[in-house]
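As the structure is a prediction and not an experimental result, all values here were calculated from the model. Counting convention: from 1, in listed order, for ligands and their atoms alike.
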Amino acid sequence: MKQDDLRDEALYLQTRADELAWHRAHALGVSRRRFLQLAASAAALAAADTLGRAGNGSQAAPADLIVKPTPPEWFYDFASNKEMRWENMAGRGYLVPNELFFVRDHSRTPRIEASTWRLKVEGSGVSRPLELSYDDILSLPETSVIRYVECAGNGRSFFEGAYGKRASGTQWKLGAIGVAEWTGVPLREVLDRAGLKQTARDVMPEGLDELRVRRPMSIAKALEDDTLLVYAMNGSPLPPDHGFPVRVLAPGWVGVANVKWVGRLEVSEQPLFTPWNTDNYVLIGPDYAPVPPAKGPVLTTQSPKSAFEVPWDGELPAGRRTIRGRSWSPFGKITRVEYSVDRGITWQTATLREPNIPRAWVRWDFEWEAKPGSYSLRARATDEQGNRQPATVPFNELGYLFNAVIGHPLTIRP
Ligand SMILES: Nc1nc2c(c(=O)[nH]1)N[C@H]1C(S)=C(S)[C@@H](COP(=O)(O)O)O[C@H]1N2
Ligand SMILES: [Mo]
């Protein structure tokens, strides 16, 4: 408990220090561009230092899949994937600090130099192919939005409880999501400068990681106001694990569409197919038919979900408590969150707390006179378009989009 508090405090101070640096630089008239250039070189040095010391443990190999520290108090460990522990968000602000943000790498975090990095924009859908440097990107029109990034497999582990068989992939509970303030240039601005054709159909960002993750998106999604090429996260340059120097933000879409370490944008007049929209990130199962060349319906938007800011299968002392959680939807604001402390027999309405930002989340809470016993807490969110979390979700082999209401185990001791 003590150690947790200390860690929290260190984290709090670090976050404050980062925010302060950002605001001070601004007040002194240092341009955002110059601030990011300075901070980017500082971040590169700090990361090199972390690598040099081979992390905090004895095993150097697993430690270098990911750059930032990922202590077990903050994350569930799945090698190159790190799941946020929801209890660390209890009573915290709206945003997830960069240090606590979940990480999902298909291979490992590459180390990229901002000074030599380039973004190529090319393909049959543009008439003036472009190559942009980091400075070029920083000098384009800037915008900031608060949005979530969530893995398509968030909640996957609950398929096993519901169907008695495991869906394949990382067995996430509900911590493969985070909300941050993302700063960057609208993707549209870059496409326009490359002479986007009326006939363009797909945009495919390509990652500079070992697997060169490539997840195409429709031109409609690419042109949305909040689809960005992002270079800052919560006021700091993107950390290496989250896509330094530049990543895509595709709000409300499956996490994989938010391609990190982007090095190329292919704009095409023909539909584009890669393993990430044919074999993976498609729904495969008895309820879904193939959509050739994809093995099933291709995933785009996520689904509304809720999570408690309470230790999973943890213990709390009896007495009057405030229970907190958050709910989110890709379709708009959350309008209502119901909860049940008696395994779904009776439901009540939780109090929603501002802000309530579409395609981010809303915080909620309720008071509970907790008596000793074992419990299974439930929460069920409804969004402004009337989408409500269902009681069940049909099984799919790869375990995507699980958003049924689940029981969160908790023991209240005398
Ligand atoms: N280039 C590249 N982009 C990527 C990935 C990857 O492995 N390589 N993982 C994707 C997946 S599956 C998710 S859920 C998000 C996770 O973003 P985060 O690690 O910043 O939380 O990044 C996406 N972008
Ligand atoms: Mo993901």
S.K.: To the nearest 0.1 Å, how far is atom 7 (O) of ligand 1 from its closest protein heavy atom, and which atom is that?
M.R.: H106 N, 2.7 Å
S.K.: Between atom CG of L130 and atom CD of E122, what is the distance when rounded to the nearest 0.5 Å?
M.R.: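 Reported value, rounded in 0.5 Å steps: 10.0 Å.
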S.K.: Quick check: closest heavy atoms across R92 and P97, and the distance to 0.1 Å?
M.R.: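 That would be NH1-CG, 4.1 Å.
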S.K.: Number the atoms of ligand 1 from 1 as they appear, then name those within less than 4.0 Å of a heavy atom of G207, with their elements.
M.R.: 1 (N)
S.K.: Going by the order shown, which atoms of ligand 1 are within less than 4.0 Å of some heavy atom of F101?
M.R.: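 Listed by number with element, the hits are 21 (O).
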S.K.: Do the non-hydrogen side-chain atoms of L187 and E224 ever get within less than 4.5 Å of each other?
M.R.: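 Not in contact.
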S.K.: Do ligand 1 and E150 have nitrogen or oxygen atoms that lie under 3.5 Å from each other?
M.R.: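 No, no N or O pair falls under 3.5 Å.
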S.K.: Starting at NE2 of H408, measure out to CZ of R378 and round the result to the nearest 0.5 Å.
M.R.: 12.0 Å
S.K.: Considering L211, D209, V103, which one's heavy-atom position lies nearest to atom 6 (C) of ligand 1?
M.R.: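 The residue whose heavy atom sits nearest atom 6 (C) of ligand 1 is D209.
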S.K.: Show me which atoms of ligand 1 lie under 4.0 Å from any heavy atom of N258.
M.R.: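 Reading through ligand 1 atom by atom, the close ones are 22 (O), 23 (C), 24 (N).
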S.K.: Just to check, does E206 reach to within less than 4.0 Å of ligand 1 when the distance is taken from its heavy atoms?
M.R.: no
S.K.: What protein heavy atom sits nearest atom 21 (O) of ligand 1, and how far away is it?
M.R.: F102 O, 2.7 Å
S.K.: Return the CD to OG distance between Q389 and S303, rounded to the nearest 0.5 Å.
M.R.: 8.0 Å
S.K.: Nearest 0.5 angstrom please: Y76 OH to T70 OG1, how far?
M.R.: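 Reported value, rounded in 0.5 Å steps: 14.5 Å.
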S.K.: Just to be sure I read this right, does ligand 1 sit under 4.0 Å from the backbone of R247, its side chain, both, or neither, counting only heavy atoms?
M.R.: side chain
S.K.: Run through Y339, W328, F308 and flag the one making a ring-ring contact (aromatic ring centres under 6.0 Å, His included) with W364.
M.R.: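 Only one of Y339, W328, F308 forms a ring-ring contact (aromatic ring centres under 6.0 Å, His included) with W364, namely F308.
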S.K.: Starting from atom 10 (C) of ligand 1, what is the nearest protein heavy atom, named by residue and atom, and what distance separates them?
M.R.: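 Scanning the protein heavy atoms, the shortest distance from atom 10 (C) of ligand 1 goes to V256 CA, 3.7 Å.
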S.K.: Does the residue Y281 have a heavy-atom contact with ligand 1, meaning some pair of atoms that are separated by less than 4.0 Å?
M.R.: yes
S.K.: Heavy atoms only: which of G153, G255, G169 lies closest to atom 23 (C) of ligand 1?
M.R.: G255
S.K.: Among all protein heavy atoms, pick the one closest to atom 3 (N) of ligand 1 and tell me residue, atom and distance.
M.R.: K260 N, 2.9 Å
S.K.: Any chance you could measure W361, atom CH2, to I146, atom CD1, to the nearest 0.5 Å?
M.R.: 11.5 Å
S.K.: Atoms of ligand 1 less than 4.0 Å from V259 heavy atoms?
M.R.: 1 (N), 3 (N), 24 (N)
S.K.: How far is atom 11 (C) of ligand 1 from its nearest protein heavy atom, and which residue and atom is that?
M.R.: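 Heavy-atom neighbour on the protein nearest atom 11 (C) of ligand 1: R104 CG, 3.5 Å.
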S.K.: Could you pull out the closest heavy-atom pair between I219 and A200, with the gap in Å?
M.R.: CG2-O, 3.7 Å
S.K.: Using a 4.0 Å cut-off to any heavy atom of D105, which atoms of ligand 1 qualify?
M.R.: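 Matching atoms, with element in brackets: 7 (O).
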S.K.: Measuring only between side-chain heavy atoms, which start at C-beta, is R363 closer than 4.5 Å to P355?
M.R.: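 Yes; the side chains approach each other to less than 4.5 Å.
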